[in-house]
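Presented below is the structure to which this report refers.
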Amino acid sequence: MKKSIPVTRSSLPPFEEYCAEIQSLWDSRILTNQGEKHRKLEEELASLTGAKNLILFTNGHLALEYAIEAMGLKGEIITTPYTFASTTQAIVRCGCTPVFCDIDPVNFTLDPAKIEALITPQTVAILPVHVYGNICDVEAIKALADRYRLKVIYDAAHAIGERYKGQGSGSFGDASMFSFHATKVFHTIEGGGLAFPDDSLREKINAMKNFGQINPETLPYLGGNGKMSEFQAAMGLCNLRYLDENIRRRKVAALRYLRNLSGIPGLGLSFSDNRVEYNYAYFPVIFDGFKWDRDAVFDRFTREGITPRKYFYPLTSSFAAYQGRFPIGETPIAKRIADTVLTLPLYAELENEDVDRICELIVTA
Ligand SMILES: *Cc1c(COP(=O)(O)O)cnc(C)c1O
């Protein structure tokens, strides 16, 4: 029986370390609602991401929805269909209209040259995604947003711990959403964070994620429950101590993949932008013009007990949930990438021999 290899494997701190981290909660009995662990994690993550403000949420998706609501956005939001369901679902659930823009064929993020033609009097914001940790063209997007007075909210779910031209990944646009889901490079089991520069939003967003209350008798905002618990925050504090080491180990695996797979006709590989300090969150490979198509490679892996992921497939613009309701722009590049991509297994504990076995399967296909 050959060893099976999952596409990802959640990192965990030593069991005793987590127990020690949560022990004080048995004395304080403060288990949630902005306790001590929560405050500490917010500070550490603001510093890591270069954010002026960072607010924690019980997951990344809600952070995105609260960002859209806190900025009072109503209208069209230009975004990418090449993303996880969450990005588009957040826009739609907040009552806005997604307008789908095509992506760059090399780093898979929103193509700024194609945004302007989609701007209408109803456009209120741009919502790009730092796909796989590839940082968007933040300068071009800012120039457009300034010119047309649009808000920019980044889906930075994949970009924790990264820098672009030396600046933290939480320092761009009007807000950046991070996901701390169990499968991400850094996690709080479930969790998320919203980074933003505007201090005046701080009280509002903190109140909104706590039922709209500033205090039990003062409720100036519509709100719900988006709070992160102390147990989640404690997991984050522990995991943060291992983040650098995890990224270092991911990098070793990613570079080994790159070495093994470079120069093979029909394979598209990533990590080529030397302005980005990557976190090696994913290892996407584009099978375009390769001797086998993506689905054939996927099946071959599956038979061998290896689980790659068609990530992202299908495009969010094709979800049945939206059928006929939104303008589905021409996004041929996004379509082609979605039809040819596989993300290969990548996590800190992935061993060299696993990487070699996976590459062997491709090379000898
Ligand atoms: C994981 C992810 C989200 C959602 O984050 P959760 O913390 O799971 O709610 C949103 N967008 C992208 C691109 C993601 O990968």
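These values consider heavy atoms only, across backbone and side chains, with no hydrogens, waters or symmetry-generated copies. Both counts, for ligands and for their atoms, begin at 1 and track the order of listing.
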Task: Candidate list T80, T79, T88, L127, test side chain to side chain contact (heavy atoms under 4.5 Å, CB included), partner D155, passing option - done: L127
- [ ] Would you mind listing the cluster partners of F231? Hydrophobic ones only (ILVMFWY), side-chain contacts under 4.5 Å, chaining allowed.
- [x] L12, Y18, I22, L25, W26, L31, I189, M235
Open item on the list: Is it true that D273 and N134 share a donor-acceptor pair across their side chains at a distance under 3.5 Å?
Closed with: no
Side chains of residues 257-272: which donor-acceptor partners sit under 3.5 Å, not counting sequence neighbours?
{"from": "Y257", "atom 1": "OH", "to": "P345", "atom 2": "O", "distance (Å)": "2.7"}
{"from": "N260", "atom 1": "ND2", "to": "D356", "atom 2": "OD1", "distance (Å)": "2.9"}
{"from": "S262", "atom 1": "OG", "to": "L258", "atom 2": "O", "distance (Å)": "3.3"}

TODO: Any chance you could pull the hydrophobic cluster mates of I103, using side-chain heavy atoms under 4.5 angstrom and chaining through other members?
DONE: Y82, F84, F108, V129, V131, Y132, Y282, I286, Y311, F312, L315, I333, I337, V341
Open item on the list: Both conditions, 6.0 Å and 45 degrees, for the charged tip of K209 above the ring of F57: are they met here?
Closed with: yes
Dump all N/O pairs between ligand 1 and the protein below 3.5 Å as a table: atom names plus distance, one pair per row.
{"from": "ligand 1", "atom 1": "5 (O)", "to": "S179", "atom 2": "OG", "distance (Å)": "3.2"}
{"from": "ligand 1", "atom 1": "7 (O)", "to": "G60", "atom 2": "N", "distance (Å)": "2.8"}
{"from": "ligand 1", "atom 1": "7 (O)", "to": "S179", "atom 2": "OG", "distance (Å)": "2.7"}
{"from": "ligand 1", "atom 1": "7 (O)", "to": "G191", "atom 2": "O", "distance (Å)": "3.4"}
{"from": "ligand 1", "atom 1": "9 (O)", "to": "G60", "atom 2": "N", "distance (Å)": "3.3"}
{"from": "ligand 1", "atom 1": "9 (O)", "to": "H61", "atom 2": "N", "distance (Å)": "2.8"}
{"from": "ligand 1", "atom 1": "11 (N)", "to": "D155", "atom 2": "OD1", "distance (Å)": "3.4"}
{"from": "ligand 1", "atom 1": "11 (N)", "to": "D155", "atom 2": "OD2", "distance (Å)": "2.7"}
{"from": "ligand 1", "atom 1": "15 (O)", "to": "H158", "atom 2": "NE2", "distance (Å)": "2.8"}
{"from": "ligand 1", "atom 1": "15 (O)", "to": "K184", "atom 2": "NZ", "distance (Å)": "3.1"}
{"from": "ligand 1", "atom 1": "15 (O)", "to": "Y311", "atom 2": "OH", "distance (Å)": "3.1"}

